[in-house]
Protein chains: 2
Amino acid sequence: MPISIAIVEDDADIAEGIADIISEVSDFKLICCCRNVRTALSEIPAAAPDVIIMDINLPDGSGIYATAKLKQLLPHTEVMIFTVYENTEDIFQALEAGASGYLLKRSSSAKIISSIRNLMKGEVPMTAEIARKVIQSFKKQQPAAQRGAASDKLTPREVDILQMLAKGYPTKEIASRRSISVDTVNTHLKSIYDKLRVHSRTEAVLKFLENN
Amino acid sequence: MPISIAIVEDDADIAEGIADIISEVSDFKLICCCRNVRTALSEIPAAAPDVIIMDINLPDGSGIYATAKLKQLLPHTEVMIFTVYENTEDIFQALEAGASGYLLKRSSSAKIISSIRNLMKGEVPMTAEIARKVIQSFKKQQPAAQRGAASDKLTPREVDILQMLAKGYPTKEIASRRSISVDTVNTHLKSIYDKLRVHSRTEAVLKFLENN
DNA sequence: CACGACATCACCAATTATGGTGATGATTTT
DNA sequence: AAAATCATCACCATAATTGGTGATGTCGTG
């Protein structure tokens with residue numbers, strides 16, 4: 001009895017890459033390949049795979065939402081989140097939604113194969129980095145209510161720098177205008193990205209503009 | 001009679017760099033060094049230098065504005081704009097404001113020295129790149145009224161990509177969502193930056209959000 | 001048909017941005 | 001006094017962005 005697998009991934013290249021990997025393993029069988037949340041919710045329940053490999057950023061919604069919905073219908077199906085970033089918030093949301101594993105897209109094919117096997121054995125596949133983040137987070141004893149909320153508070157300096165980001169200034173300009181080193185600006189940027197849970201200048205600016 | 005020079009530049013390192021270069025030329029004399037528009041407008045008229053080396057991005061305003069103001073008071077003083085970008089719009093505005101030269105910050109010290117000398121001889125120091133842009137612009141017979149205006153029209157594809165930029169998607173994501181190569185996205189980005197007259201993703205998004 | 005506009009892709013160089021780690025001093029809080 | 005927070009700086013590696021050039025095929029229009 002082979003392990004049946006479904007893929008939810010909008011990037012054709014990545015989906016194909018996984019499909020190739022799966023096709024080379026004799027007891028793996030790819031039975032469904034969806035490009036968005038809508039198709040996933042309509043096709044996967046009927047397919048009832050053993051494992052779903054789920055992207056988070058889909059064109060029409062979040063893979064986390066899709067995970068929650070699918071787990072209601074298929075409680076025995078294991079969902080492995082497959083994403084590019086190690087966003088702590090995403091990890092928790094995905095785990096809460098019922099995902100059993102969390103893998104980075106840059107993982108090797110061997111890692112992907114072993115993760116699927118581990119999943120079926122009841123283990124939780126996770127990169128060392130993600131495991132560390134999860135442990136760190138539990139150490140901090142963060143109440144669940146605080147996690148997804150309005151995000152951590154920025155310090156005055158961080159707000160100052162974020163405002164300059166929102167004027168389009170590059171890092172050098174910011175350093176110059178505040179007479180601090182580029183390294184310091186970068187340190188602040190890292191804190192800002194962390195607190196806003198984003199991964200780029202543009203995302204930070206957008207989040208800032210949203211919340212005025 | 002040495003050539004007296006004033007510097008308006010907020011970046012301490014760059015200002016020092018120019019100061020060093022000037023100090024090594026026997027008939028150059030640095031008589032004033034300002035960090036912002038306010039100081040420049042209050043100190044330079046009294047100093048009445050032969051040449052002003054003017055940055056565009058100052059903490060409290062534009063060097064182009066400062067140029068216009070100073071040229072009213074000191075019509076015989078030559079202003080050389082000193083900036084990092086070869087923004088065509090800036091070039092014209094600066095020339096309209098009365099600047100006589102335009103140099104990139106990455107110019108060599110020899111280039112800077114010869115530019116100052118040329119300025120005093122009535123020539124217009126300009127990098128080949130900038131000269132080319134100016135000539136191109138005149139070739140296009142762009143009426144002055146059109147230049148600073150709403151910017152060139154974006155193609156449908158460019159608008160599409162700009163909208164994704166404004167959602168914070170990185171280049172890879174955009175390529176993936178439209179099933180085109182990252183190179184193509186970059187080509188579109190270059191066109192968008194050109195047409196919007198900006199130099200970064202964040203600036204493009206801001207300009208887009210401004211004009212809805 | 002020739003021409004221009006558009007979308008696509010490729011290759012390349014240089015600069016910037018992202019992310020991690022660690023460290024210091026000042027200030028505030030406990 | 002000890003702990004926590006903040007702002008600062010440094011060094012590093014990798015990834016992403018920026019900017020330039022050139023090339024191809026398609027499409028519509030004159």
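Lettering follows sequence order; numbering is per chain, from 1. Just so you know, these numbers use all the heavy atoms, side chains as well, and skip hydrogens, waters and symmetry mates.
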Undergrad: Taking DNA chain C as the partner, which of residues 167-189 of chain B come within under 4.0 angstrom of it by heavy atom?
TA: B/Ile180, B/Ser181, B/Asp183, B/Thr184, B/Thr187, B/His188

Undergrad: Kindly say whether B/Arg35 contributes a backbone atom to a donor-acceptor pair with the side chain of B/Thr39 at under 3.5 angstrom?
TA: no

Undergrad: Expressed in angstrom and rounded to an integer, what is the separation of B/Arg201 atom CZ from D/dG19 atom P?
TA: 12 Å

Undergrad: Could you check whether atom NZ of B/Lys71 has more than 12 heavy atoms from other residues, nucleotides or ligands sitting under 6.0 Å from it?
TA: yes

Undergrad: Could you tell me whether the side chain of B/Tyr193 and the main chain of B/Arg201 form a donor-acceptor pair under 3.5 Å?
TA: yes

Undergrad: Any donor-acceptor pair under 3.5 Å linking the side chain of B/Ser62 with the backbone of B/Leu58?
TA: no

Undergrad: In whole Å, I'd like the distance from the OH atom of B/Tyr193 to the P atom of C/dT16.
TA: 14 Å

Undergrad: Please check if any side-chain donor atom of B/Asp20 sits under 3.5 Å from a side-chain acceptor atom of B/Ser23, or the reverse.
TA: no

Undergrad: Nearest-Å distance, CD1 (B/Ile192) to P (D/dT17)?
TA: 13 Å

Undergrad: Atom CG of A/Asp194 and atom C1' of C/dG19: how far apart are they, to the nearest Å?
TA: 9 Å

Undergrad: Is atom CZ of A/Phe28 surrounded by more than 12 heavy atoms (other residues, nucleotides or ligands) closer than 6.0 Å?
TA: yes

Undergrad: Nearest whole angstrom, please: distance from the P of C/dA17 to the CD1 of A/Ile161.
TA: 13 Å

Undergrad: Could you tell me the separation between the NE2 atom of B/His199 and the P atom of C/dA17, rounded to a whole number of Å?
TA: 14 Å

Undergrad: Rounded to whole angstroms, how far apart are NZ on A/Lys190 and P on D/dC6?
TA: 17 Å

Undergrad: Would you kindly give the CG-to-C1' distance between A/Leu154 and D/dA7, to the nearest whole Å?
TA: 14 Å

